[in-house]
Amino acid sequence: MKIATWNVNSLKVRLPHTLDWLAVNQPDALCLQETKQEDSKFPLAELQQAGYQAVFSGQKTYNGVAIISKTVPEDVMYGLPNFPDEQRRVIAATLNGVRVVCVYVPNGQSIDSDKYQYKLAWLTALQNWLKDELVRYPKLVLLGDYNIAPEDRDVHDPQAWVGNVLVSEPERAAFRALEQLGLRDSFRLFEQPEKSYTWWDYRMMAFRRNMGLRIDHILVSEALVPNCTACSIDRSLRKLERPSDHVPVVADIV
DNA sequence: ATGGCTTCATAGTGAAGA
């Protein structure tokens, strides 16, 4: 099973990229974040024409998540049951016996912002919910835009980012708390190139200078670790016209 | 560079992203 996550930054704008990428890569599942689209506008017909099913939870302008898959998603769940929220950030479904959880973690804006407190509370709720979900579904994959660079090696210039969201210690502690539930960062199960990132600012020619962060992740449960045979970042989409600022992360689970 | 893009909702700019 080839499974991927991508913050698409507007599915309306990036639908051609999405369809091309599906056609070339043929993943069994692609989890999207920041679709920025109401459900009535979701391009289901185009995806079906490409041979895919989809479940989605969107809203106008902000947020929005989707799971695109070759097989019919089962037991679909929308949002965190223990954290009522207008913001569409979570969708989960079972595919081929594997629980697939697609998340768009809040950005947090800045350390002194209310949005940062919301981010930390949201992450605590995610962790609490996953504790139970892992009992129900030992084979679980948590994919998405975590908006957390777990370690300094995931940051192009750690000094420059000190005091920022995405790298703060409470956020990194929340990431480690997920790992303590038995989830493993699939990217780090394998040898990887140095300076591997999944997001680059649109400004400052950041991509060309590789001034990026690794904030999109695929975590696999302990039961799936032996089945995970690869994980990589696909930088190619960042080189296209009108790219998303994020690129896909892809994992193979046999 | 307390923001150099990009998106969306707007019909001027402003919010938000990371």
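Because the structure is a prediction, the values reported are computed rather than measured. In what follows, chains carry the letters A, B, and so on, assigned in the order in which the sequence lines appear, proteins first and then strands, with residues in each chain numbered from 1.
Using a 4.0 Å heavy-atom distance criterion, A:N107 is classed as a base contact.
Remark: P of B:dT7 and CD of A:E241 are 12 Å apart, rounded to the nearest angstrom. Rounded to whole Å, the distance from CG on A:D114 to C1' on B:dA16 is 15 Å. Rounded to a whole Å, the NE2 atom of A:H246 is 12 Å from the C1' atom of B:dA16. One interatomic measurement links the two molecules: CG of A:L240 to P of B:dT6, which rounds to 14 Å at whole-angstrom precision.
Taking the P atom of each, B:dT2 and B:dT13 are spaced 24 Å apart, rounded to whole Å. B:dA18 and B:dA1: their P atoms are spaced 25 Å apart (whole Å).
Side chains of A:H156 and A:W200: no donor on one and acceptor on the other come within 3.5 Å.
Residue A:S221 comes nearest to A:P138 through the heavy atom pair OG-O, 2.5 Å, listed as atom of the first residue, atom of the second, then distance.
Checking the phosphate oxygens (OP1, OP2) of B:dA18, no side-chain nitrogen or oxygen of A:Q109 falls inside 4.0 Å. Close to B:dG17, at under 4.0 Å from its OP1 or OP2, lies no side-chain N or O of A:R203.
Take A:D252 and apply the side-chain contact (heavy atoms from CB on, under 4.5 Å) test, not counting sequence neighbours, and it matches A:K2, A:T229, A:A230.
Comparing A:K60 and A:M204 by the nucleotide of DNA chain B whose heavy atom lies nearest to each, the residue mapping closer to the 5' end is A:M204.
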